[in-house]
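This report concerns only the one structure given below.
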Amino acid sequence: MIESSSNSRIKKLQKMMKNARFRRQEQAFVVEGWKMVAEALEHHLVKEIYLSEHAGHEYRRRLAHGELTVPGNDVMVETVSEQCFRAVADTVAPQGILAVVQMPAYDKEKILSSTDSALLCLEDIQDPGNLGTMMRTAEGAGMSALILSKGCVDLFNPKVVRSTMGALFRVPFFVCDDMSTEVELLKKEGFVTYAAHLEAERNFMEEEYSKKAVILIGNEANGLSDAVSEKAERWLKIPMEGKLESLNVAVSAALFMYEVYRSR
């Protein structure tokens with residue numbers, strides 16, 4: 001059992017929690033709680049499991065009852081003291097289990113070649129809760145994948161991971177270097193590109209979205225950059241009553257995604 005917070009494994013966990021560059025370097029991230037660990041085990045992505053002293057019995061019970069996929073022989077399972085666990089955990093009331101998980105990888109070419117693909121492209125989203133909510137909603141609305149600009153908050157930030165409620169393991173995602181270039185590439189792949197834009201004249205509910213569709217959503221404060229907006233084929237707006245100037249970005253994205261879902 002690990003009892004010291006100065007232990008090298010504990011320090012590595014803390015660094016992985018806080019440092020996006022280190023996560024990319026390791027191609028791994030940390031998930032907390034029974035639900036998220038169960039999801040990661042189901043997808044065979046778990047590399048290490050850490051249990052607090054009092055979580056061992058619950059872990060064995062869940063394995064015995066089939067509530068957790070049995071980890072492979074190459075998965076390390078380690079018990080740590082309650083104090084050490086609290087030092088690593090990012091949640092206020094830790095459940096006593098966390099895992100180091102391999103980052104999922106997806107076949108982008110296969111997704112883009114599908115004749116009914118619907119993509120959510122996000123430019124420079126900054127709020128972890130917004131990004132996690134949009135990924136979760138993307139699963140509910142049946143979107144094919146998310147494409148994120150490199151200026152977005154890190155998808156593997158612990159707050160984003162929690163907000164996805166497991167959708168992170170089920171919704172394909174890709175990060176692009178430049179969103180305006182990405183939009184051009186998607187157009188060449190036969191996608192119709194729709195920009196959520198406050199200056200648009202056309203209502204987003206007036207479109208059919210019957211072909212391969214890309215929904216472009218911009219930064220919380222500034223919306224889409226001019227470079228990306230100019231590449232979009234159609235600008236669309238969400239009608240609003242009262243004196244509102246805009247909606248929360250995750251709400252806006254949800255409306256667009258479910259309109260795509262409804263139209264199909």
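All figures in this text were calculated on a predicted structure; none of them were measured in a lab. Note that the numbering runs from 1 along the sequence shown for the chain.
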Who are the side chain to side chain donor-acceptor pair (under 3.5 Å) partners of [X], not counting sequence neighbours?
X: Thr79; result: none
X: Asp124; result: Ser149
X: Asn157; result: none

Same apolar cluster (I L V M F W Y, side chains within < 4.5 Å links), [X]/[Y]:
X: Met165; Y: Leu45; result: no
X: Val77; Y: Leu68; result: yes
X: Tyr261; Y: Tyr194; result: no
X: Leu122; Y: Tyr258; result: no

Under 3.5 Å: donor-acceptor pair, side chain of [X], backbone of [Y]:
X: Ser114; Y: Ile111; result: no
X: Glu58; Y: Ala55; result: no
X: Ser263; Y: Glu208; result: yes
X: Gln126; Y: Glu220; result: no
X: Glu53; Y: Glu82; result: yes
X: Gln83; Y: Ser5; result: no
X: Ser117; Y: Lys212; result: no
X: Arg234; Y: Thr193; result: no
X: Gln102; Y: Lys47; result: no

Might you confirm whether atom [atom1] of [X] has over 12 heavy atoms from other residues, nucleotides or ligands at distances under 6.0 Å?
X: Gln25; atom1: CD; answer: yes
X: Lys108; atom1: NZ; answer: yes
X: Glu109; atom1: CD; answer: no

Contact check, side chains of [X] and [Y], non-hydrogen atoms, under 4.5 Å:
X: Ile97; Y: Trp34; value: yes
X: Leu224; Y: Met179; value: no
X: Ile125; Y: Leu148; value: no
X: Lys15; Y: Arg23; value: no
X: Glu48; Y: Glu78; value: no
X: Leu255; Y: Leu247; value: yes
X: Met135; Y: Leu146; value: yes
X: Arg86; Y: Ser52; value: no

Pairs in or reaching into residues 102-156: which pass ring-ring contact (aromatic ring centres under 6.0 Å, His included), with residues at least two apart or in two chains? Phe29-Phe156, Tyr106-Phe173, Phe156-Phe173
Evaluate side-chain hydrogen bond (donor to acceptor under 3.5 Å, both in side chains) for Glu42 paired with Thr69, printing each intermediate quantity in order. CA-CA 6 Å; Glu42 185 179 334; Thr69 301; 5.7 Å; no
Rounded to the nearest 0.5 Å, what separation is found between the [atom1] atom of [X] and the [atom2] atom of [Y]?
X: Lys12; Y: Asn7; atom1: NZ; atom2: CG; value: 12.0 Å
X: Arg62; Y: Leu41; atom1: CZ; atom2: CG; value: 11.5 Å
X: Phe256; Y: Ile238; atom1: CZ; atom2: CD1; value: 5.0 Å
X: Leu186; Y: Cys121; atom1: CG; atom2: SG; value: 5.5 Å
X: Cys152; Y: Asp127; atom1: SG; atom2: CG; value: 11.5 Å

Walk me through whether Val260 and Phe204 qualify under side-chain contact (heavy atoms from CB on, under 4.5 Å). CA-CA 10 Å; Val260 173; Phe204 81 111; over 6 Å; no
Can you tell me which residue among Leu119, Leu120, Val171 is in a side-chain contact (heavy atoms from CB on, under 4.5 Å) with Met143? Leu120
Please name the pair of heavy atoms, one in Phe174 and one in Ala145, separated by the smallest distance, quoted to 0.1 Å. CE1-CB, 4.0 Å
For a quick test of reading the model, state the closest non-hydrogen atom pair linking Asn222 to Asn219 and the distance between them. N-OD1, 3.0 Å
For the pair Lys188 and Glu184, find out whether any cationic side-chain nitrogen is under 4.0 Å from an anionic carboxylate oxygen. no
Presence of salt bridge, Glu233 and Lys187, under 4.0 angstrom: no
Could you note down all residue pairs passing side chain to side chain donor-acceptor pair (under 3.5 Å) where residues 133-144 supplies at least one of them, sequence neighbours left out? Glu139-Arg170
Nonpolar side-chain network containing Phe85, other nodes, edges under 4.5 Å: Ile2, Ile10, Leu13, Met16, Met17, Phe22, Val30, Tyr50, Met76, Val80, Val88, Leu98, Val100
Taking the six-membered ring of Trp235, is NZ or CZ of Arg202 closer than 6.0 Å to its centre and within 45° of its axis? no
